[in-house]
There are 2 protein chains.
Amino acid sequence: MARVTITEIARRAGVSKGAVSYALNGQPGVSASTRARVLRVAAELDWVPNSAARMLSGARTDTIGLVLARGATREPSVLEFVAGMETVLARHAQVLLLRMASGVDEEVAGYRKWASERRVDAVVVVEVLVDDPRVALLGSLDLPALVAGDPGLAGGLAAVGVDDGAGVTALVEHLVGRGHRTVGWVSGPAHLGRVHVRERAFAAAEGIAVRQHATDLTGGAVDAATRELLGGDDRPTAIVYDGGPAGVAGLSAIGRLGLRVPDDVAVVVWGDSAVCGVTEPALTAVGCDVAAYGAAVGEGVLGLVGGRLRGGMMGAVPTLRVRDSS
Amino acid sequence: MARVTITEIARRAGVSKGAVSYALNGQPGVSASTRARVLRVAAELDWVPNSAARMLSGARTDTIGLVLARGATREPSVLEFVAGMETVLARHAQVLLLRMASGVDEEVAGYRKWASERRVDAVVVVEVLVDDPRVALLGSLDLPALVAGDPGLAGGLAAVGVDDGAGVTALVEHLVGRGHRTVGWVSGPAHLGRVHVRERAFAAAEGIAVRQHATDLTGGAVDAATRELLGGDDRPTAIVYDGGPAGVAGLSAIGRLGLRVPDDVAVVVWGDSAVCGVTEPALTAVGCDVAAYGAAVGEGVLGLVGGRLRGGMMGAVPTLRVRDSS
DNA sequence: TTGTACGCGTTATCAC
DNA sequence: GTGATAACGCGTACAA
């Protein structure tokens with residue numbers, strides 16, 4: 001039960017602390033016989049390095065920081081993303097420090113604090129915004145940062161994104177192939193980077209007109225947007241909803257209007273999740289493997305800390321899963 | 001940019017490191033004039049304590065550890081719980097270390113590692129099981145632990161739970177009041193502590209018979225359980241589903257059987273979430289404010305670290321929100 | 001090839 | 001009361 005330190009190992013092995021450290025870390029500078037003796041003693045005593053001492057001496061904390069907006073609570077995939085990322089970190093003996101923030105200001109303050117306290121080796125920024133103030137700050141702060149989002153929005157920071165352009169292409173192909181020419185889109189807020197990227201991709205798509213209604217994705221807002229889209233004359237024959245919960249709300253709203261899915265209106269969700277498969281009808285969805293994306297981000301941030309990553313890359317490609325709603 | 005240390009402050013203020021530390025931490029042992037001088041110098045230099053050094057010297061890391069099962073990814077309320085908890089921790093200058101585990105063994109190994117590395121001051125155990133091996137381990141490990149769950153399942157560990165008995169009472173009252181005498185329950189796995197507690201509460205309830213189908217809550221399992229419940233002769237007039245996604249799947253299954261909600265079968269969900277309010281019909285749900293519960297657990301674990309908490313207590317009481325499905 | 005000293009903040013122990 | 005000193009724990013640059 002008594003805590004074992006390298007001093008104790010050094011005493012028992014009859015060498016200095018420094019030699020013990022070299023031996024345990026596989027560094028050169030000790031003879032093979034000394035190394036073997038030290039390793040044997042350490043194993044006998046069940047020695048485990050004190051993490052605080054390690055963080056203090058080395059320049060590394062083996063810790064990655066992640067700040068989530070409190071509003072991210074709604075998104076069902078966030079935790080899956082975190083899980084994918086943490087799996088990679090754990091495999092490389094890194095730990096994840098998690099903080100929730102009520103707004104951008106609080107988040108920025110958190111980054112400053114972590115940087116000055118030397119709490120983390122790097123941070124991951126999620127749900128990047130258009131002209132994101134966090135990106136601006138982190139560019140000037142002495143804290144390595146990886147943006148989990150489109151490299152074009154990362155302002156020069158390292159980034160690992162999802163190829164939403166490819167997702168839009170797949171979605172448009174699917175809809176056009178089924179004869180849809182006018183499509184509604186009940187999207188998340190326009191300042192979200194993801195929404196911005198898709199906007200441009202939709203605008204560039206040929207053979208289809210997209211009518212976007214940016215909302216906060218609450219039930220009431222989705223209902224209102226759906227009614228507006230379907231209330232006019234030249235109504236869309238398909239509607240895209242951002243996220244499973246919004247898709248469920250959309251199905252309900254369409255049903256209340258006396259329309260049927262997919263006969264009267266087709267429905268597609270951006271961002272596949274478990275709930276998409278259990279609605280009636282089941283929801284066609286486009287989305288990537290969120291856990292795999294999180295893993296790619298985890299690899300990315302480790303590369304950043306290790307000096308191996310530069311610039312941006314795509315970590316996942318969304319695919320279309322066709323179900324009954326389209 | 002150059003990092004400021006207390007040694008530097010001591011040099012500039014003309015005192016020793018120790019005196020600086022006492023002054024900065026409001027400890028007695030330095031004169032008022034010395035304290036003022038030290039504080040002024042520290043403020044001028046923008047000094048911030050290095051977290052690693054603080055963890056090393058003190059016996060505390062100001063870190064709370066939380067391990068989530070990878071399967072918890074499905075539960076929409078988990079992140080909200082974490083958010084509520086982290087908010088309290090942040091307010092007390094504590095940070096949250098998050099780890100995902102694939103199984104109980106991996107989780108237990110993680111606790112051992114944290115304990116031996118002195119990574120955290122305490123851990124929070126969520127989704128406690130009947131005869132939980134984690135509880136058994138943590139009781140013998142030198143690592144303070146708080147069980148987020150029923151004190152009766154905590155095996156002597158400190159616990160902060162949800163009063164599910166009160167929730168069952170509210171639910172039974174509601175159903176009996178509407179004339180239901182036979183109720184189906186598509187529950188989560190029977191080895192979950194939460195399910196176990198509700199089982200006993202349902203068994204003790206008078207005036208109502210509950211037919212439980214324990215499932216893994218996947219879409220297919222919910223569908224099968226619903227069909228079994230509604231296929232027989234003496235079929236229940238109401239069904240309780242564990243969780244919003246299961247409720248959505250249940251609605252779909254009931255619809256496919258040609259039955260209507262709530263006219264033919266009433267539906268109630270255990271565990272309110274955003275999706276319950278946007279289905280058609282909207283789902284009656286019983287559940288507590290998960291963020292508030294998380295906050296209570298956060299307070300609890302801080303009390304545990306501070307030596308102020310003993311035994312178990314209830315951190316939240318579920319309430320019934322009646323919507324259109326019952 | 002091995003030993004020594006230093007960094008970092010807190011705190012127990014000591015000298016005045 | 002007031003303040004200095006040393007120890008904690010590890011990694012590593014440097015001296016021996």
Side-chain angles (χ1 to χ4, degrees), chain A residues 2-39 41-42 45-63 93 113-121, chain B residues 2-39 41-42 45-63 93 95 113-121 305:
Chain A
R3 59 191 193 282
V4 182
T5 71
I6 57 168
T7 305
E8 174 68 11
I9 296 174
R11 200 181 59 76
R12 297 216 191 189
V15 292
S16 71
K17 278 191 341 183
V20 170
S21 182
Y22 285 131
L24 290 169
N25 292 315
Q27 303 274 1
V30 288
S31 68
S33 63
T34 302
R35 185 186 305 277
R37 192 166 74 253
V38 167
L39 288 175
V41 173
L45 298 179
D46 270 337
W47 174 82
V48 177
N50 178 308
S51 61
R54 193 166 235 174
M55 286 160 67
L56 177 60
S57 62
R60 320 187 15 191
T61 63
D62 293 333
T63 305
K113 192 154 187 285
W114 278 349
S116 57
E117 287 179 338
R118 302 252 186 292
R119 269 273 186 193
V120 298
D121 293 337
Chain B
R3 60 188 194 281
V4 182
T5 71
I6 58 167
T7 306
E8 174 67 12
I9 296 173
R11 200 180 59 76
R12 296 215 191 190
V15 291
S16 70
K17 276 192 341 181
V20 169
S21 181
Y22 286 131
L24 290 169
N25 292 315
Q27 303 273 1
V30 287
S31 67
S33 64
T34 301
R35 186 186 305 274
R37 192 167 74 253
V38 167
L39 288 174
V41 172
L45 298 180
D46 269 337
W47 175 81
V48 176
N50 179 308
S51 61
R54 195 168 234 175
M55 287 161 66
L56 174 60
S57 60
R60 318 187 18 189
T61 62
D62 294 332
T63 306
V95 296
K113 192 154 187 284
W114 278 350
S116 57
E117 288 179 339
R118 300 257 186 288
R119 269 271 185 194
V120 298
D121 293 337
V305 171

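Basis for what follows: all heavy atoms, side chains included, without hydrogens, waters or symmetry-related copies. Letters go in sequence order (proteins before strands), and every chain restarts at 1.
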Given atom CZ of A/Arg54 and atom C1' of D/dC10, what is their separation to the nearest angstrom? 8 Å
Looking only at non-hydrogen atoms, find the nearest pair between A/Thr63 and A/Arg119 and report the distance. CB-O, 3.7 Å
To the nearest Å, how far apart are B/Glu117 CD and D/dC10 C1'? 13 Å
Between A/Arg11 (CZ) and C/dG3 (C1'), how many Å, whole number? 18 Å
Between A/Thr7 and B/Gly14, which is nearer to the 5' end of DNA chain D once each is assigned its nearest nucleotide? B/Gly14
Between CE of B/Met55 and P of C/dT11 the distance, given in whole Å, is 15 Å
Side chain of A/Trp47, heavy atoms from C-beta onward: which of C/dG3, D/dC10, D/dA7 has the nearest atom to it? D/dC10
Beyond-backbone contact of A/Glu8 with A/Val41, side-chain heavy atoms, under 4.5 angstrom: no
I'd like a table of donor-acceptor pairs (distance under 3.5 Å, sequence neighbours excluded) in which one partner is a side-chain atom from residues 50-60 of chain B, with atom names and distances.
{"residue": "B/Asn50", "atom": "OD1", "partner": "B/Ala52", "partner atom": "N", "Å": "2.7"}
{"residue": "B/Asn50", "atom": "OD1", "partner": "B/Ala53", "partner atom": "N", "Å": "3.2"}
{"residue": "B/Ser51", "atom": "OG", "partner": "A/Glu117", "partner atom": "O", "Å": "3.1"}
{"residue": "B/Ser57", "atom": "OG", "partner": "B/Ala53", "partner atom": "O", "Å": "3.2"}
{"residue": "B/Ser57", "atom": "OG", "partner": "B/Arg54", "partner atom": "O", "Å": "3.4"}
{"residue": "B/Arg60", "atom": "NH2", "partner": "B/Asp62", "partner atom": "OD1", "Å": "2.8"}

Check every strand shown and say whether B/Val20 touches a base, only sugar-phosphate, or nothing at a heavy-atom separation below 4.0 Å. nothing
Counting heavy atoms from C-beta on, name the nucleotide in D/dT2, C/dG9, D/dG9 closest to the side chain of B/Leu56. D/dG9
d(CD, B/Glu8; P, C/dG7) in whole Å: 12 Å
With respect to the phosphate group of D/dG3, does any side-chain polar atom (N or O) of B/Thr34 fall under 4.0 Å of OP1 or OP2? yes
Would you tell me if any nitrogen or oxygen in the side chain of B/Gln27 comes within less than 4.0 Å of OP1 or OP2 on C/dT10? no
Rounded to whole Å, how long is the line connecting atom CZ of A/Arg60 with atom P of D/dG11? 12 Å
Round to the nearest Å and state the distance from A/Lys17 atom NZ to D/dA13 atom C1'. 14 Å
Considering only heavy side-chain atoms of A/Ser16, the closest of C/dG3, D/dC10, C/dT10 is C/dG3
Please state whether the phosphate of C/dT10, meaning OP1 or OP2, lies under 4.0 angstrom from any side-chain nitrogen or oxygen of B/Asn25. yes
Which listed nucleotide (D/dC10, D/dG3, C/dG9) is nearest to the side chain of A/Ile6? D/dC10
Check B/Thr34, B/Asn25, B/Ile9 against B/Val20 for a side chain to side chain contact (heavy atoms under 4.5 Å, CB included) and give me the one that passes. B/Ile9
Is there a side-chain contact between A/Ser57 and the phosphate of D/dC10, meaning an N or O under 4.0 Å from OP1 or OP2? no
Phosphate oxygens OP1/OP2 of D/dG11: is one of them under 4.0 Å from a side-chain N or O of A/Ser21? yes
Report the distance from atom CZ of B/Arg11 to atom OG1 of B/Thr5, rounding to the nearest 0.5 Å. 9.5 Å
Do you know the tightest heavy-atom contact between B/Leu24 and B/Trp47? CD1-CZ3, 3.6 Å
Smallest separation among heavy atoms of A/Lys113 and A/Ser116, with atom names: O-OG, 3.1 Å
Are the side chain of B/Arg35 and the backbone N or O of B/Gln27 linked by a donor-acceptor pair below 3.5 Å? yes
Could you tell me how far apart A/Leu24 (CG) and D/dG11 (C1') are, to the nearest whole angstrom? 11 Å
Between the protein and nucleotides 12-16 of chain C, are there any N/O to N/O pairs under 3.5 Å, and if so, what are the atom names and distances?
{"residue": "C/dA12", "atom": "N7", "partner": "B/Tyr22", "partner atom": "OH", "Å": "3.2"}
{"residue": "C/dA12", "atom": "N6", "partner": "B/Tyr22", "partner atom": "OH", "Å": "3.0"}

Closest nucleotide of DNA chain D for A/Pro49 versus for B/Pro28: which of these residues is on the 5' side? B/Pro28
